[in-house]
Amino acid sequence: MIQLIRGFKDILPEEIPVWQQVEQTATALFEAFGFREIRIPVMERTELFARSIGEGTDIVEKEMYTFPDRKGDLLTLRPEATASVARAYIQHKRYAVDPVQKVYTIGPMFRRERPQKGRYRQFYQINAEAFGVASPLMDAQIIHMLAVLLDRLRVTAVTAHINSLGCPVCRPGYKAALCDHTAAGVDNLCADCKRRRTQNPLRVLDCKVPTCREAVAGAPSLLDHLCDACRDHFTTVTESLDLLGVSYEIDKQLVRGLDYYTRTTFELQTRSLGAQSAVAGGGRYDGLVAALGGPDTPAIGFAIGFDRLVEIMMQTQPPVRQAPDLFVAALGDESRKAAFSWSSALGARGIGTEMDLSGKSLKGLMKRADRLGARYVMIVGDAELAQQAVVLRDMETKTQQTLPIEGIVDRVAKQVRGKAADEPGRTAAESN
RNA sequence: GUGGGUGUAGCUCAGUUGGUAGAGCACUUGGUUGUGGCCCAAGUGGCCGUGGGUUCAAGUCCCAUCACUCACCCCA
C-alpha cells in the first residue's frame, strides 16, 4: 500500500475544528490590527530563498526541496513565507500604493529535516509582516498581538523571549568581540561550534552542548555592543512592551537561523512540546527588501508554528467528533424513499442531518444514531407511514413525539432549530 | 546527516526456552431490554512492516531495508 511521504501528515476530520479555531481567531485578530491577507505561491525560484535566507544557513544548505523543472529552472518549495511576501511587495510595487503594507498569510512550508515531535517536513505557518514602519512601536505591537492571540487561544505556558541582533553598523564589531572571547576555549567547543566560531559566531551562543555553554558563559553581550541607534530602538521596544502590559524575558542568547534579521528578534517558547520549544518566532529585517532589489524599506514580521500551536491545544482540548442534529432512521423500502427526500430537504436547510442508507434493523439504526451522537432521531417505519405519521425522539431527554407527515420538514426543522438556538455552543460547532 | 526506542487484527496490546497466531475495544448478526446505551451468544477481520539468511521448523534468532517515534542538529 502506498503511504504518505515521511515527515508529511494527514490532518483528519477530528482535528479540523482546532485548526479552524486557531485560523479564525488569528485572522480575526490580525484583521483588527490592520493586517490583510495575502496569498502567495508555494514554489519560488531557488534564488529568492538563497538570497534572502542566506547562503550559509542550514535551511538553504541542506533542507530545501529544490529541483529543476522541465525547462531547467531551479525551483524550491518554500521553506518559509517572508521571502515570498517581500518579493510580492517589490514585484507589485506595493510601496507605491502605500509604503506601509501589513499583511498575513497562512499555508504550508517545506523543509527536509528529520521529523520529530512538533517538527514536520510539510508544516504550516501563519505569517504576519509589516513593511514600511521603522518605529520600534511596531515591534512592540506585533509582539503584543502575538501575546493576545495565545491568550485568546488559552495557551498559557508560553514566554516571550526578546533580543536585539544589532544592525550592519554594530554587528561586525560584536562578532569580532565574540570571536575573541571564545578563542581562549576553542578546544572545549563542539565540532560544530569550532566551525561556527569564525563563520557565524552568533550561532555559538545558542548551542546546547554543555561545554559550549560554559565557553560562552562570560561572553560579551550583543546588547552591550549595540550602536546608539540600535540601543535606542531596543529600549523603546521594551518600554512599549511594559506599556502594553506584555511580559517578556530579555534573552541574550536568542539568535535567528535566517540571515536577514536585524535588531529586534523574538521567540515565544513553551516547554510542552519536548525539544521543539518555539511556537512562534520573528523579528525585524530592515535590509531584506533592499537586498531583494526593492527600495530601502524597514520591515518586521513573525511566523507562528501552526502545527505546534494545534498540538499544544490538543493536549488540553482533546478532539471532539462533530455530531449531527438529526439522525433519520427509516425501516422498509417505502419509508426509506420518503425519509430520504425529507432528510435531503432538511440538509438543504442547514440542519445537520445524517441518514443510514443501508437498510439496517431498528436496533442497528439506533446504535448508529447513538454513536454519531445525534440529538434527535426521526423514526420512519412503513407502519407509521401508513398512518401518515413519524416519530421524533429526543435522545437527550429520552422523550418522543409523533408528528403528522403533513409539513414534516417544517415541523422537524422548527423543533431541531428551536433546541439548537438554546445551545449556542452546539450550533456553532455543527452548522456549516 | 547522527544516535536511542518501536513495528503482531481498524484501535490498545499479549505471544512463554524457535513448532505456521491471541485478548480487550470496535464492527456485523442474533438474543434480552418499552426503539439506542447494560448484559449474553455467535461471526467478520492478521503474507506477525518488507526482503534476505540460519533451521526439519521463525512473530520468536541474525543481517539489511523501510516506516513510526524520541533526542542531537535546526527551527516555527
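Lettering follows sequence order; numbering is per chain, from 1.
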- Identify whether any heavy atom of A:A303 sits under 4.0 Å from a base atom; if not, whether one sits that close to sugar-phosphate; answer base, sugar-phosphate or nothing. sugar-phosphate
(Q) Using atom C1' in both nucleotides, what's the gap between B:U29 and B:C13 to the nearest angstrom? (A) 27 Å
Ranking A:S277 and A:K360 by the position along RNA chain B of their nearest nucleotide, the one closer to 5' is A:K360
* To do: For A:K398, answer base if it contacts any base atom (sugar-phosphate contacts may also be present), sugar-phosphate if it contacts only those atoms, and nothing otherwise; contact means non-hydrogen atoms under 4.0 Å.
  => base
Counting the atoms with a prime plus P, OP1 and OP2 as sugar-phosphate, which does A:G118 contact under 4.0 Å by heavy atoms, base, sugar-phosphate, or nothing? base
Practice task
Give one of base, sugar-phosphate or nothing for A:E80, where a contact means two heavy atoms less than 4.0 Å apart.
Solution key: nothing
Checking B:G30, B:G37, B:C68 against the side chain of A:D370 (C-beta onward), the nearest is B:G37
For nucleotides B:A67 and B:C48, find the distance between their C1' atoms and express it as a whole number of Å.
16 Å
- Message: For a quick test of reading the model: is some side-chain N or O of A:R119 closer than 4.0 Å to OP1 or OP2 of B:U69?
- Response: no
- Message: Using the C1' atom as the point on both nucleotides, what is the distance between B:G1 and B:C73, in whole Å?
- Response: 9 Å
The nucleotide from B:G36, B:U28, B:A76 with an atom nearest the side chain of A:R393 is B:G36
Give A:Y120 one of three labels, base, sugar-phosphate or nothing, depending on what nucleic acid heavy atoms sit under 4.0 Å from its own.
-> base
Q: For B:G5 and B:C62, measure between their P atoms and round to the nearest Å.
A: 13 Å
*asked:* What's the gap between B:U8 and B:A21 when it is taken at their C1' atoms, as a whole Å value?
replied: 9 Å
Exercise for review: Have a look at A:G381 and say if it touches a base, only the backbone sugar-phosphate, or nothing, with a 4.0 Å heavy-atom cut-off.
Suggested key: nothing
Using the P atom as the reference point in each nucleotide, state the distance between B:C47 and B:U55 in Å, no decimals.
28 Å
Winner on side-chain proximity to A:R112, out of B:G36, B:G1, B:A76, is B:G1
Checking B:C27, B:A71, B:A76 against the side chain of A:Q116 (C-beta onward), the nearest is B:A71
Contact class for A:I304 (heavy atom, under 4.0 Å): base, sugar-phosphate, or nothing? nothing
| Reckon A:M109 touches a base, only the sugar-phosphate, or nothing at all at heavy-atom distances under 4.0 Å? | nothing
Testing B:C27, B:G36, B:A76 for proximity to the side chain of A:A278, the answer is B:A76
**Prompt:** Angle class for the A:F35/A:F30 ring planes (parallel below 30°, perpendicular above 60°, tilted otherwise)?
**Reply:** tilted
For nucleotides B:C11 and B:A71, find the distance between their P atoms and express it as a whole number of Å. 24 Å
Discussion item. Between B:A76 and A:F306, is there a base-stacking contact, meaning the centre of the base's six-membered ring lies under 5.5 Å from the residue's ring centre while the planes stay under 30° apart?
Written reply: no
Would you indicate, yes or no, if B:C75 has its OP1 or OP2 atom less than 4.0 angstrom from a side-chain nitrogen or oxygen of A:R111? no
Taking B:C73, B:G3, B:C75 as options, the one with an atom nearest any side-chain atom of A:R114 is B:G3
Partner of B:A42 under the Watson-Crick or G-U wobble criteria, both distances under 3.5 Å, comes out as B:U28
B:G18 and B:G36: how far apart are their C1' atoms, nearest whole angstrom? 49 Å
May I ask you to decide whether A:D370 forms a salt bridge with A:K367, counting only side-chain N to carboxylate O separations under 4.0 Å?
no
